[in-house]
Amino acid sequence: MTENLNSRNVEQYLIKNPEFLKSYLSKHGAPDITHKDGSHSEPSSPEIKIKRLPNFTSGRINSITTSIFKKYVEGNLERIKKTSKDRNQLLSMSEDEVFMELIRDISTELDVNVLCHKILKNVSILTRSDRGSLFLVRGSKDNRYLVSKLFDVTEVSTISESLHTEETEIIVPFGRGIAGFVAESKDTVNIKDAYEDPRFNKDVDLKTGYRTHSILCMPILNYEGEVIGVAQIINKVTGNHEFTKQDEEVFRKYLIFCGIGITNAQLFELSVQEYKRNQLLLNLARGVFEEQTSLERLIQKVMLDSQDMLKCERCTVYLTEDSTNKGGKNLTGMFAKILKKRFYKLLALAVHQDPHSEDDQVQVKAKPTSTKDVLFSMAFDLHAKDGGNIRIPSAAEVANSRNAEIARHVVLKGTPVNVSEIEIESMFGKVVGFEEDGYKTKNMLCMPIFNNEKKIIGVTQLVNKLNGVPFNENDANIIEAFSIFTGLGIHNCQMYENACRLMAKQTVALEVLSYHATAQQDETDKLVSSEFPTGQEIGLYTFEFNDIPLDELETVKCTITMFTEANLLAEFKIPLEVMCRWTLSVKKNYRPVTYHNWRHAFNVTQTMFTILYTGGLIKKFEGLEVLGLLVACLCHDLDHRGTNNAFQVKVASPLAMLYSTSVMEHHHFDHCIMILNSEGNNIFQSLSPAQYRNVIKMLEHAILSTDLALYFKKRGDFQKLVQSGETEYQDPYKKDLLKAMMMTACDVAAITKPWEIQEKVAQLVANEFFEQGDKERSELGETPMAMMDREKKDELPKMQVGFIDAICLPIYKMFAEMNQKLSPLYDGVLDNKKHWQQLADIHERKTTGEING
């Protein structure tokens, strides 16, 4: 059976039965031909390829590359020690062996200088030339030139002897000289006698004493065919000193690899430079956000951390007057502007001044039209020779500094400036010492520093590059990054300083407001010494209570009576003086708006008092809960502005920015806490910490519950409890739900009062709504909703009926079903609905013409 078994038959069988091959490999295949997931590559052609290509994107390869890169950056990369081939060894090698040696050099050498030096040495040996040179392309696309990188490389010269630095490099413009011609034309130039070629500069030989005979010059191209350098070899040492076609071919082949090596090495060098620059900038960023308490310390820290990056003799940072504004008016951002405007307005109102006076004082500074208009408030001067010490010049030194004058030009124009010694002299004239201290400025790079509003707040100035050459594009990129981080740091520091300053102002404002919002001592003393009526005498226990005949002082006395007869002063050890002062302070913090004023708060509190004692719900609550409910009722509309939550959101008021939901209710609660925290107003001063936390929590819950939006969300749950016959309400959720419904029932209780009271109060509510509607029409250009539209005031009865049906009847009906003692509230609503319905019907008949007049 195996006699016909040969490799060809097996191959044909496997091609026709790929599933068998897959099954076999899954059982018996070696790991190196098996995928990580246990699968195998299926044959896609008659030629079965089992072995896979290496995965160059694997984490292990990347980790090795990363390790090499880090070692190179840190200077810890161990170079592979290789013995250079001498002349005899190279000449004895075949062409393939020579190029394999070159490929190995390219693959292991990351330093472009070492690589190119080795290439030129080998070319000199193989072409038997005396020496060679390498020029690299520099400059922008419109202004390219060559710089000598390796010059006069011979068979025995070292890299240190041949390497040109920025200080010693020779600059050759494109199109000038032999190298410049090759760079521009991309042609090969083979000159037999250099002295007969007009492009050759004989002055070089005269200076060096060297006699140039023949020159072979070729361009070095990258993968896109662009010139990245020029290489030339000089004087063939054998024969008639002329380079042959074979020499050209050897040179060309070497330069192809040279182009690859230069491109790769330059890319690697750029990566290293970018890595180092990023590390410096990251360190700079850390410094920027570590130091924010002092602008001066910040600038000094930034400059010291950037010394290695700037590489210049002198670095100066100038700050404009705006950047060091101590007035606190340069705080940016919409919220900050609104906060500041609100702060000054509140403060002015508190001390009875014009609330717009602060705005009038702020003057917009005109844009500078000359350098005389540019003023620097501060400067920081860092000299490399001083070992990193930073000096802060005086105002006189900055004013007289010629370097500062150039910085002023930068502020005026808003663009960077890169000037040389010649350009500086054309601006200011030739001087022995450019600065007053005799310091000579040879070249300078200036960059404006912008804040977040794109305004110039300073200038970064670099003077005299350490290597003596002019500043280049790379330097401009570095200083631009430096200036961006400096601008961020200044902005961050200013924000911090202004926030601290604003907090201090806020503290002062709160002290002022607290003083003016707190009842005066003589008022308190007068109230303490007065007589307080009993609840029975004044009718505080009745649902029909009428506050209209009472004056303001009497309403305050009635409030004290309610807290006294609820035994709250005795139970929680509230001094009468504190209670009186707090009540007067609460009254003082209600604005004189049409409806949501002190009278409304007093009536809401009286209704809660009546529901608890006359309605019999007092048995469901402990003393601390009663205290919390009465305080919440009295404070539930503190500082009301006569407009609702929707209006606050619509006009994007500061309150709407502070609170995302229940805007006014959150403000009422916060204002309540502010009064309690004012000196002499803490009626909770004798409570234990646990009691204090609980009552504050109850206050917040109760006041927020007066938001009708929350009422609609909770009403369904309360209705289910009532319908289920719930009577105890001891479960925390059920009790909180009951408290919330009680707050709403008290808040709208004016609808339950006798008709003569209800009619007057309803008109007050309508007038306040109309005032908001007038604002919406005049300030926002919007047509208000019907209930706030003064033009539809005749429809008030109809709207009242709608209000009763949607909000009032459901809640009072539930309370009446829960407790018969609360039926008067429900009965009052029904009675008032009849009156409003009658008026609505009359209006309807008038509009349809059934009734005249």
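In this chain, numbering begins with 1 at the start of the sequence shown.
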Subject >> NZ (K739) with more than 12 external heavy atoms under 6.0 Å >> reply: yes

Flag for Y659-N645: side-chain donor and acceptor within less than 3.5 Å:
no

Only residue of M743, H668, M664 satisfying side chain to side chain contact (heavy atoms under 4.5 Å, CB included) with T706 is M743

Review point. Can you tell if the side chain of W836 reaches within under 4.5 Å of the side chain of K798, non-hydrogen atoms only?
Key: no

Review point. Mind checking whether L634 and W598 have side chains closer than 4.5 Å, heavy atoms only?
Key: yes

Problem - Side-chain H-bond candidate by donor/acceptor type, Q758 with Q800, under 3.5 Å - result: yes

Please determine, by modelled atom types, if N603 and D547 share a side-chain donor-acceptor pair under 3.5 angstrom.
-> yes

Would you say the side chains of N767 and Q763 form a donor-acceptor pair under 3.5 Å? yes

Determine whether more than 12 heavy atoms belonging to other residues, nucleotides or ligands lie under 6.0 Å from atom NZ of K735. yes

When N681, T518, L527 are each screened for side chain to side chain contact (heavy atoms under 4.5 Å, CB included) with L584, the one that passes is L527

Quiz item: Going by atom types alone, do D827 and Y812 pair a side-chain donor with an acceptor below 3.5 Å?
Solution: no

Determine whether the side chains of Q521 and E577 contain a donor N or O and an acceptor N or O closer than 3.5 Å. yes

Note to self: Counting neighbours of CD on E622 that are heavy atoms of other residues, nucleotides or ligands and sit closer than 6.0 Å, is the number greater than 12?
What the structure shows: no

- prompt: Ignoring hydrogens and geometry, is there a side-chain-to-backbone donor-acceptor pair from T752 to V829 under 3.5 Å?
  reply: no

Go through the steps to decide whether E565 and T534 satisfy the test side-chain hydrogen bond (donor to acceptor under 3.5 Å, both in side chains), and finish with yes or no. CA-CA 8 Å; E565 296 190 4; T534 65; 5.0 Å; no

A side-chain contact here means heavy atoms from C-beta on lying under 4.5 Å apart; do M814 and R715 qualify?
yes

Evaluate the criterion salt bridge (charged side-chain N to carboxylate O under 4.0 Å, His left out) for residue pair K734 and D736; output intermediate values, then yes/no.
-> CA-CA 5 Å; K734 294 178 181 178; D736 283 346; over 6 Å; no

4.5 Å side-chain heavy-atom contact, V578 and N682: no

Go through the side-chain N and O atoms of N832 and E759 and say whether any donor and acceptor fall under 3.5 Å apart. no

So Q837 and P797, do their side chains get closer than 4.5 Å, heavy atoms only?
no

- Query: With a 4.5 Å heavy-atom cut-off, do V651 and E776 have their side chains touching?
  - Reply: no

| said: Given 3.5 Å as the limit, does a donor-acceptor pair link the side chain of Q691 with the main chain of P689, or not? | reply: no

Practice task
Evaluate the criterion side-chain hydrogen bond (donor to acceptor under 3.5 Å, both in side chains) for residue pair D747 and H636; output intermediate values, then yes/no.
Solution key: CA-CA 9 Å; D747 196 17; H636 83 282; 3.1 Å; yes

Is it true that K753 and E544 have a side-chain N and a carboxylate O under 4.0 angstrom from each other?
no

Can we say K833 and D805 salt-bridge, meaning some charged N sits less than 4.0 Å from an Asp/Glu carboxylate O? yes

query: Just wondering, do F563 and V626 contact through their side chains at under 4.5 Å, heavy atoms?
result: no

- More than 12 non-hydrogen atoms from neighbouring residues, nucleotides or ligands closer than 6.0 Å to NZ on K650, yes or no? yes

L737 versus Y729: any side-chain heavy-atom pair under 4.5 Å? no

May I ask you to check whether F602 and F609 place their ring centres under 6.0 Å from each other? no

Check whether any side-chain N or O of E795 sits under 3.5 Å from a backbone N or O of K792 as a donor-acceptor pair, and report yes or no.
no

message: Check whether H666 reaches the backbone of S662 with its side chain - one donor and one acceptor, N or O, closer than 3.5 Å.
response: yes

### Task
Using distance alone, with no hydrogens and no angle criterion, decide if E552 and T555 have a side-chain donor and acceptor under 3.5 Å apart.
no

State, without any angle test, whether H671 and N589 hold a side-chain donor-acceptor pair at a distance under 3.5 Å. yes

Next on the checklist: Pairing donors with acceptors under 3.5 angstrom, does anything connect the side chains of T610 and Q606?
Outcome noted: yes

- prompt: Parallel under 30°, tilted from 30 to 60°, perpendicular over 60°: which one fits the rings of Y613 and Y541?
  reply: perpendicular

Would you say E665's side chain and I703's backbone share a donor-acceptor pair under 3.5 angstrom?
-> no

Open item on the list: Quick one about Q648 and N644 (side-chain donor to acceptor, distance below 3.5 Å, no hydrogens or angles considered), yes or no?
Closed with: no

| message | Using a 3.5 Å distance criterion without hydrogens, assess whether the side chain of Y590 forms a donor-acceptor pair with backbone atoms of D637. | response | yes

When rounded to the nearest 0.5 Å, the distance separating CG of N597 from CG of L764 is 8.0 Å

So CG of L576 and CD1 of I574: to nearest 0.5 Å the spacing works out to 10.5 Å

Practice task
Kindly indicate, with the supporting measurements, whether the criterion salt bridge (charged side-chain N to carboxylate O under 4.0 Å, His left out) is fulfilled by R777 and D789.
Solution key: CA-CA 9 Å; R777 182 175 275 112; D789 193 344; 3.2 Å; yes

The residue among H667, H600, H596 that forms ring-ring contact (aromatic ring centres under 6.0 Å, His included) with H640 is H596

